[in-house]
Amino acid sequence: MVTPMNRRDFLSASAAGLFAPALQVCRPASPSVDRSKEDRVLVVLELVGGNDGLNAFVPHGLDEYYRARPTIAIAKKSLLRLDDRYGLHPMLARWERHYREGRLAVIGQVGHAEPSRSHFRCRDVLHSAVTEHEHTASGWIGRSIARQLRADQESNGQLYFCGDGSTPVAMLGSSTAVIGLAHLDRLLAHRPDPRLATYLRGADANDDARSPERRHSLAAARRAQELATVLNRLSRVQDAPLRYPAHALGRDLSLASHLIASASAPRAIYLRYPDFDTHGNQADFQFGLFHILGLAVDAFVSELAAAGQLERTCLLIISEFGRRLAQNASHGTDHGKAGSAFLFGGALHGGWQGPHLDLSDLEDGDLPPRVDFRDLYGELIEDWLGIDGGRRDVNAPTGNSLGLFS
Amino acid sequence: MRPFAEDLLLPYRVGVDGPFGAVEATHLLARTEFGAAPERLEDVLALGLEKSLLQILQDTPAHDPWAAMGLRMAFAENRAGLQAWWLRRMIDTPAPWHERLAHFWHDHFACSDDKVHDLASMTRQNLVFLAHGNGSFGTLLHEIMKDPALLFFLDNGENSRLAPNENLARELLELFTVGIGHFDEADVKQAARALTGWGVFGRRFAFVKAMHDDGEKAVLAESGAFDGAGLVEVCLRSKWTAQSIATKLCQAFVAPVASDAMRSTLGTMFREVDLDVGRFMHRLFGSRLFFASRDRLIKSPCEFVVGLHRSLKIRPDALVLAQRVGQMGEELYFPPSVAGWERGPAWLSSGAVLLRQHFARDLATVSIEPPSARDAYRTLRGTPPDARLQTWLDEVTASAGPAEALALVLSLPEMQTW
């Protein structure tokens with residue numbers, strides 16, 4: 001699915017090279033970045049499989065919701081009532097505090113026009129911000145980060161993903177280097193090998209006789225050396241920090257929080273949490289999924305707030321599509337169109353953003369998108385991260401702003 | 001002038017298009033058998049290309065003495081044990097090509113035990129791949145579409161005449177056969193109707209007539225009162241299925257496929273052998289394209305690890321292996337989605353590269369009788385180290401010992417491609 005990228009060799013011949021200190025917050029000035037926003041971090045948590053936002057932020061005031069979901073709607077007496085319109089799924093109780101304190105923004109009908117309902121196509125679109133008929137191997141974050149680098153600069157230490165699995169396409173750009181972190185303990189068990197580093201430095205990355213895959217492997221080996229150096233600077237993450245749930249998502253968010261507070265100065269961190277594809281028995285699956293999601297995100301936000309880092313952080317929680325309003329015959333829901341996006345942060349306008357849910361205005365049984373996710377992406381890149389031209393990079397169709405960060 | 005793609009798929013003529021020496025034989029054994037120890041290389045050189053292909057790709061897999069053990073572990077719900085069992089098989093088997101294929105089909109018809117929750121069914125599915133993976137794709141597809149683990153994974157037990165569930169139908173069309181762009185939503189709906197009633201009872205396939213919709217369906221421009229088997233036949237008749245599978249086989253075992261012309265030629269080739277996998281791969285491995293594709297593929301964690309063990313004849317601690325392969329991003333029996341694992345450069349995130357290097361270091365320092373760094377390099381790459389590398393290895397051996405030099409050789413970037 002990801003086509004091989006030919007990455008520029010980002011090491012200059014002379015080079016402080018592999019052992020340059022991890023870039024501190026005072027990065028060389030880049031003309032198209034707002035300096036006052038240079039230390040801001042964007043964290044993206046993708047709920048893989050298509051999250052059913054209607055059962056997360058429940059429109060308890062709308063009868064259509066209860067009529068369409070006779071067995072899987074969240075009963076009024078079970079949910080945590082936020083106001084006359086919306087209530088929280090009980091397992092997301094920890095989010096109530098953040099909502100009331102203005103740190104949580106919710107957008108109810110985010111999507112793109114004419115989605116195919118295919119996980120893979122919609123996920124491609126979610127990551128690359130192109131239409132379903134196009135293909136590109138770069139991503140919505142990677143492109144903007146790459147563009148604001150100078151010719152001799154690399155994106156050292158700016159882009160991370162926490163968790164297992166392959167590099168998210170969202171982070172890929174023409175010269176971005178994404179650092180993947182998983183199993184931190186095992187990674188910290190070995191020191192970086194200076195002999196290997198020396199040898200790699202001398203290897204000719206532009207040897208045309210080599211296949212693109214070999215050049216890629218060489219570039220990957222060099223990035224791995226940087227990672228080893230960066231990791232050395234992180235003090236060891238405590239075993240199972242108590243406030244995070246004992247789950248991969250807890251581990252990953254804890255690591256993300258650690259990265260943000262460390263001197264590594266990340267710009268963007270990507271995480272994934274599967275599997276939200278609740279075709280059957282949705283009530284049981286959501287109980288477990290929201291339990292972990294609720295606890296882990298609350299732990300993350302609280303920890304950042306306590307460390308004074310929440311003002312410079314914005315967490316976007318998003319999914320490749322939402323799910324149908326009506327339940328199916330297996331007490332679940334099938335693939336829909338628009339879904340919900342949640343944003344947490346210390347410097348955003350919280351509460352319900354954009355139009356309120358209207359369950360009488362459906363397309364083919366689905367909530368149509370009222371906010372194009374690429375407009376949301378554009379706002380995050382330009383208004384939050386302060387990178388000029390971000391809306392163009394992500395093909396924002398209208399360029400409309402939700403005013404999240406004004 | 002023949003089109004370029006067809007030229008590349010012509011047979012590689014030894015002595016005309018190039019030699020069949022250590023480099024070529026190493027390349028062949030790497031891609032077909034995970035890699036080879038020196039004795040195996042000598043056998044293949046002695047046999048020559050054509051006879052080697054016949055031997056390597058032979059039809060019938062060798063008798064599997066491990067099947068019973070696997071099922072015992074599966075019934076004991078021993079997940080780590082089951083992963084270790086498969087890795088041991090890959091390392092010890094005398095018929096590694098069939099394991100290469102079983103690994104490929106596990107990724108193609110990807111089911112995760114996270115949802116299936118039945119290791120016995122996962123094991124039986126694994127044995128189906130082993131038994132049928134090298135034969136007719138049609139036979140394999142028929143077998144796997146009745147596989148209990150797959151049916152359960154894709155919710156087909158709940159697909160009934162009155163309340164259709166499209167999950168299996170969609171993945172059959174999108175992932176397993178014709179592929180995106182060659183079917184539409186109407187096909188999915190109709191295919192779902194054809195598959196109604198195909199379910200699981202007591203861990204076995206069961207057809208529930210009462211749930212089946214036996215009416216007329218129109219799928220992929222054909223009409224008929226298709227049931228599941230009928231639907232499979234419709235999919236097999238579509239030329240896009242041949243193209244899609246042939247392309248995927250090429251991308252997994254030969255090289256990335258970039259052009260539509262190549263895709264089309266591969267599809268034609270696959271149809272010419274009636275979608276027989278073994279015969280198709282014989283042509284592909286014997287082609288000019290294959291011998292021009294050295295280092296065009298990036299090894300998955302399994303391929304990297306099993307390759308080292310087979311080539312360097314290092315006895316595995318399979319349980320630890322399974323854990324490390326999982327940490328590198330390839331948890332056997334638990335693919336990240338029904339689309340399988342993300343292959344190619346995506347395997348080499350910085351963290352994954354470090355984990356591979358650490359694994360190589362552990363292997364080199366713990367082995368009882370490790371080969372020399374130079375020998376290991378030659379076995380794995382087909383050529384001895386160049387002057388610069390050899391000098392460096394000599395320095396390391398002198399200052400830190402042979403195990404360190406071996407560890408560094410196994411950590412080189414060229415060990416991640418083949």
Side-chain angles (χ1 to χ4, degrees), chain A residues 1-5 48-49 116-121 161 164-167 169 177-184 186-187 189-190 192-193 195-196 198-200 202-203 210-228 231 274-275 277 279-280 328-330 332 334, chain B residues 112 114-115 155 158 160 162-167 170 174-175 180 185 255-256 258 293-298 324 326-327 329 331 336-339 341-358 361 388-389 392 395-396 400 404 407-408 411-417:
Chain A
M1 214 146 321
V2 176
T3 54
M5 301 283 300
V48 182
S116 66
R117 300 179 213 256
S118 152
H119 286 298
F120 313 107
R121 279 312 292 142
F161 76 98
D164 304 319
S166 54
T167 310
V169 175
V178 187
I179 297 178
L181 295 163
H183 313 289
L184 188 62
R186 175 156 294 289
L187 290 174
H190 290 263
D193 194 325
R195 286 175 301 221
L196 186 59
T198 312
Y199 181 78
L200 290 177
R210 292 210 185 105
S211 69
E213 286 73 20
R214 262 198 68 178
R215 288 200 291 275
H216 179 85
S217 184
L218 177 58
R222 285 171 168 160
R223 281 197 298 280
Q225 293 289 304
E226 292 163 46
L227 172 62
L231 288 177
D275 180 352
D277 192 23
H279 283 283
N328 63 22
S330 314
D334 293 324
Chain B
S112 174
D114 251 342
K115 176 165 176 184
D155 303 315
E158 290 158 27
S160 75
L162 297 173
N165 182 307
E166 293 172 6
N167 214 354
R170 182 180 301 283
E174 185 173 326
L175 296 174
I180 287 217
E185 284 298 305
S293 297
R294 201 163 162 251
D295 286 328
R296 289 307 314 273
L297 296 179
I298 292 177
R324 304 289 279 269
Q327 285 171 350
E331 203 61 77
S337 84
V338 65
W341 283 271
E342 187 104 35
R343 294 168 285 278
W347 286 123
L348 297 183
S349 68
S350 313
V353 169
L354 279 185
L355 288 170
R356 292 182 185 216
Q357 290 174 357
H358 298 168
R361 166 166 300 281
R388 178 175 166 253
L389 179 55
W392 181 61
E395 280 165 17
V396 173
E404 273 303 309
L408 287 169
S411 302
L412 290 171
E414 56 258 53
M415 296 305 172
Q416 303 308 334
T417 56

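In what follows, chains are A, B, ... by sequence order, proteins preceding strands, each numbered from 1. Side chains are part of it too, since the values below use all heavy atoms of this structure and drop only hydrogens, waters and symmetry mates.
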- [ ] Please work out which of the three classes, parallel, tilted or perpendicular, describes the rings of A:Y199 and B:W392, given edges at 30° and 60°.
- [x] parallel
TODO: May I have the step-by-step check of side chain to side chain contact (heavy atoms under 4.5 Å, CB included) for B:R356 and B:L348, ending in yes or no?
DONE: CA-CA 9 Å; B:R356 292 182 185 216; B:L348 297 183; 3.9 Å; yes
Task: Residue, of B:R170, B:E174, B:E395, that accumulates the most heavy atom pairs under 4.5 Å with chain A - done: B:E174
Task: Which atoms of B:Q357 approach chain A - backbone, side chain, both or neither, heavy atom under 4.5 Å - done: side chain
TODO: Check each atom of B:D155 against the heavy atoms of chain A and say whether the ones under 4.5 Å are side chain, backbone, both or neither.
DONE: side chain
- [ ] Indicate yes or no for a side-chain donor-acceptor contact from A:N328 to the backbone of A:H279 under 3.5 Å, with no hydrogens or angles considered.
- [x] yes
Task: Engaged part of B:E404 at the chain A interface, taking heavy atoms whose separation is under 4.5 Å - done: side chain
Open item on the list: Is B:W347 in contact with chain A via its backbone, its side chain, both, or neither, using a 4.5 Å heavy-atom distance?
Closed with: neither
Open item on the list: Please give me the minimum heavy-atom distance between A:A221 and B:V353, naming the atom from each residue.
Closed with: CA-CG1, 4.1 Å
Open item on the list: Would you say B:E158 and A:S330 are linked by a side-chain donor-acceptor pair, where the criterion is simply a distance under 3.5 Å?
Closed with: yes
Task: Proximal component of B:E185, with respect to chain A [non-hydrogen, under 4.5 Å] - done: side chain
Task: Under 4.5 Å from a heavy atom of chain A, the part of B:L389 involved - done: both
Task: Selection from B:Q416, B:M415, B:E414 maximising heavy-atom pairs under 4.5 Å formed with chain A - done: B:E414
- [ ] Without swapping roles, check the side chain of A:R222 against the backbone of A:L200 for a donor-acceptor pair under 3.5 Å.
- [x] yes
Task: CZ on B:R343 to CG on B:L297, rounded to 0.5 Å - done: 11.0 Å
Task: Proximity breakdown for B:R294 and chain A, heavy-atom pairs closer than 4.5 Å - done: backbone
